[in-house]
A.B. asks: 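Please find one structure pasted underneath; my questions will follow.
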Amino acid sequence: MSATAKKRAPLPDDIRARKGGEPLVSLTAYTTPMAQMMDAHCDFVLVGDSVGMVLHGLPSTLGVTMEMMILHGQAVARGLTQAMMVVDMPFGSYEASREVAFENAARLMRETGAGAVKLEGGVGMAETIAFLVQRGIPVMAHIGLTPQSINTLGGYKVQGRGAAGEALMADARAVAEAGAFAVVLEKVPQGLADRITADIAIPTIGIGASAGCDGQILVVDDMLGLFTAFKAKFVKRFANLGEQGEAAIADYARAVRAREFPAAEHVFADEAPK
Ligand code: KIV
């Protein structure tokens with residue numbers, strides 16, 4: 001896709017059809033201006049539950065609510081005309097039963113206009129994925145490091161090394177067979193990510209996985225250098241906006257204290273110009 005060519009937003013089937021083709025491009029977004037910046041460049045935009053950590057200062061994604069996802073989903077939707085929007089199902093909104101998952105997924109789609117939802121889990125979530133897909137809800141799956149399970153995974157570790165690779169392969173096959181139209185592979189060793197990509201019929205979207213995946217996703221604040229609390233190995237900072245922003249704020253503070261700002265061009269004359 002060229003950055004300038006006008007296109008309609010892809011549907012989940014269009015994303016699925018990109019298996020093995022030009023890599024799919026994706027970023028997270030949480031606000032209208034960010035969504036506008038990436039609309040022409042991304043195939044799909046994820047309103048990730050990473051919003052909790054990145055914008056709200058939460059220690060993990062576990063505190064993210066349906067209301068937060070809906071509010072940020074609505075904001076992102078206002079900034080997109082060309083990219084598909086996927087909204088994350090937050091922790092606690094889909095695990096209890098297939099019916100609860102359906103109610104919450106339908107609400108997310110109805111109230112945000114999202115084209116699909118994403119949920120975390122492999123074999124254990126396959127039945128729920130099938131239930132949603134059979135009822136008209138396109139699902140993107142997310143396996144490997146699933147941050148909502150951080151307390152049972154015991155940390156943000158690489159997933160699927162050694163013998164655990166077979167279980168991850170089983171997760172990938174299960175979500176593909178259940179009808180997911182794509183699957184995020186997070187923090188999965190490169191060779192395993194390549195084997196999964198070759199094995200399943202739906203696109204794999206890598207984050208800390210492999211350049212051989214069918215697409216890539218990053219958290220936008222990570223790749224712009226806006227989120228600086230920590231940097232995962234798999235993040236490449238394509239800009240350092242956090243540093244630039246802080247330097248600009250320091251310059252503003254200095255200019256105010258020195259009475260250099262506001263200058264003549266920023267203030268209004270007592271008499272209106274004739
Ligand atoms: O919430 C999120 O940002 C995500 C991506 C890391 C895939 O799930």
Side-chain angles (χ1 to χ4, degrees), residues 23-30 34 37-38 41-64 86 88 91 118-122 140-172 175 182-200 203-246:
L24 289 153
V25 178
S26 177
L27 287 170
T28 64
Y30 321 107
M34 280 288 190
M37 275 170 59
M38 61 184 73
H41 304 280
C42 288
D43 296 295
F44 70 90
V45 168
L46 172 70
V47 186
D49 62 353
S50 50
V51 68
M53 298 174 76
V54 168
L55 288 198
H56 294 270
L58 293 174
S60 75
T61 57
L62 299 184
V64 174
V86 181
D88 253 343
F91 178 63
K118 177 168 82 59
L119 57 81
E120 297 182 6
M140 176 174 287
H142 182 159
I143 63 171
L145 175 63
T146 46
Q148 293 175 10
S149 304
I150 198 62
N151 291 314
T152 45
L153 291 177
Y156 294 93
K157 304 175 203 154
V158 176
Q159 301 293 309
R161 279 196 172 128
E166 279 321 298
L168 205 51
M169 178 63 88
D171 283 335
V175 299
V183 57
V184 171
L185 304 182
E186 180 165 353
K187 230 167 167 182
V188 172
Q190 186 178 16
L192 177 60
D194 289 343
R195 282 202 300 285
I196 291 173
T197 300
D199 188 87
I200 63 174
T204 55
I205 312 296
I207 173 162
S210 167
C213 287
D214 298 299
Q216 301 293 327
I217 187 165
L218 281 177
V219 170
V220 69
D221 292 64
D222 284 340
M223 57 83 71
L224 291 180
L226 281 168
F227 183 75
T228 52
F230 61 87
K231 188 182 96 55
K233 173 180 159 72
F234 58 76
V235 169
K236 174 173 174 179
R237 285 194 180 141
F238 286 80
N240 277 305
L241 299 192
E243 273 175 25
Q244 286 175 16
E246 191 176 346

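This one's a predicted model, so the numbers in the text were calculated from it and none came from an experiment. When a residue number appears, it is its place in the shown sequence, counting from 1.
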A.B. asks: Just so I know, are the side chains of Leu226 and Met34 near enough to count as touching, which here means a heavy-atom distance under 4.5 Å?
C.D. replies: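 They are in side-chain contact.
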A.B. asks: Drop me the distance from Asp194's CG to Cys213's SG, to the nearest 0.5 angstrom.
C.D. replies: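 Rounded to the nearest 0.5 Å, the CG-SG separation comes out at 7.0 Å.
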A.B. asks: Are any of the side-chain heavy atoms of Leu55 and Asp221 separated by less than 4.5 Å?
C.D. replies: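 Yes - at least one pair of side-chain heavy atoms lies under 4.5 Å apart.
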A.B. asks: Looking at Leu46, is its backbone amide N or carbonyl O close enough to the side chain of Thr28 to form a donor-acceptor pair, meaning the two atoms are under 3.5 Å apart?
C.D. replies: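 No; zero donor-acceptor contacts below 3.5 Å.
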A.B. asks: Output all residues satisfying salt bridge (charged side-chain N to carboxylate O under 4.0 Å, His left out) with Asp222, sequence neighbours left out; order by chain, then residue number.
C.D. replies: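 Per chain and number, Asp222 pairs via salt bridge (charged side-chain N to carboxylate O under 4.0 Å, His left out) with no residue.
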A.B. asks: Quick one: CG on Leu218 to CG on Leu27, what's the gap to the nearest 0.5 Å?
C.D. replies: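 So the CG of Leu218 and the CG of Leu27 are separated by 6.5 Å.
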A.B. asks: Return the minimal non-hydrogen interatomic distance between Ala29 and Val45, and the atom names on each side.
C.D. replies: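 The pair with the smallest heavy-atom distance is CB-CG1, 3.5 Å.
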A.B. asks: At their closest point, which heavy atom of Gln216 faces which heavy atom of Ser210, and how far apart are they?
C.D. replies: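 Closest approach of Gln216 to Ser210, heavy atoms only: NE2-O, 2.8 Å.
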A.B. asks: Roughly how far, to the nearest 0.5 Å, is CD1 of Ile143 from CD of Glu186?
C.D. replies: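 The CD1 atom of Ile143 is 11.0 Å from CD of Glu186, to the nearest 0.5 Å.
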A.B. asks: Closest approach of Met223 and Val235, non-hydrogen atoms and distance?
C.D. replies: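 In this case the closest contact between Met223 and Val235 is N-CG1, 4.5 Å.
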A.B. asks: Quick check: do Thr228 and Arg237 have side-chain heavy atoms less than 4.5 Å from each other?
C.D. replies: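 With C-beta onward as the side chain, the pair touches.
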A.B. asks: Tell me if a side-chain donor or acceptor on Thr61 pairs with a main-chain N or O of Ser50 at a distance below 3.5 Å.
C.D. replies: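 Not a single qualifying donor-acceptor pair exists.
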A.B. asks: Taking atom CG of Leu192 and atom CD of Glu166, what is their separation to the nearest 0.5 Å?
C.D. replies: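 Taking CG in Leu192 and CD in Glu166, the distance rounds to 8.0 Å.
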A.B. asks: Taking Gln159 for the side chain and Lys157 for the main chain, is one N or O donor matched with an acceptor at less than 3.5 Å?
C.D. replies: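 Between the backbone of Lys157 and the side chain of Gln159 there is a qualifying donor-acceptor contact (under 3.5 Å).
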A.B. asks: Check whether any side-chain N or O of Thr146 sits under 3.5 Å from a backbone N or O of Gly121 as a donor-acceptor pair, and report yes or no.
C.D. replies: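 Side chain of Thr146 to backbone of Gly121, a donor-acceptor pair under 3.5 Å: no, none is there.
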A.B. asks: Are the side chain of Lys187 and the backbone of Tyr156 linked by a donor-acceptor contact shorter than 3.5 Å?
C.D. replies: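 Checking the backbone N and O of Tyr156 against the side chain of Lys187, a donor-acceptor pair under 3.5 Å is found.
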A.B. asks: Please find the pair of heavy atoms, one from Pro203 and one from Leu24, that lie closest to each other, and give the distance.
C.D. replies: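 Taking every non-hydrogen atom into account, CB-CD1, 3.8 Å.
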A.B. asks: I want to check something: taking the side chain as every heavy atom from C-beta on, are Met53 and Val219 in contact at a cut-off of under 4.5 Å?
C.D. replies: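 No, their side chains stay 4.5 Å or more apart.
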A.B. asks: Under the side-chain contact (heavy atoms from CB on, under 4.5 Å) criterion, do Leu224 and Gln244 qualify, and how do the steps go?
C.D. replies: CA-CA 11 Å; Leu224 291 180; Gln244 286 175 16; over 6 Å; no
A.B. asks: Once you round to the nearest 0.5 Å, how far does CE of Met37 lie from SG of Cys42?
C.D. replies: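 If I round to the nearest 0.5 Å, the distance is 10.0 Å.
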A.B. asks: Quick one: ring pair (Phe, Tyr, Trp, His ring centres under 6.0 Å) partners of Phe227, sequence neighbours excluded?
C.D. replies: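 Once residues adjacent in sequence are excluded, the partners of Phe227 under the ring pair (Phe, Tyr, Trp, His ring centres under 6.0 Å) criterion are Phe230.
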A.B. asks: Are any of the side-chain heavy atoms of Leu185 and Ile205 separated by less than 4.5 Å?
C.D. replies: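 They are not in contact (no side-chain heavy atoms under 4.5 Å apart), so the answer is no.
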A.B. asks: Mind checking the CD1-CG spacing from Ile196 to Asp214? Nearest 0.5 Å is all I need.
C.D. replies: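 The CD1 atom of Ile196 sits 11.5 Å away from the CG atom of Asp214.
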A.B. asks: I'd like to check Asp49 versus Glu120 (side-chain heavy atoms, cut-off strictly below 4.5 Å). Are they in contact?
C.D. replies: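 Yes, their side chains come closer than 4.5 Å.
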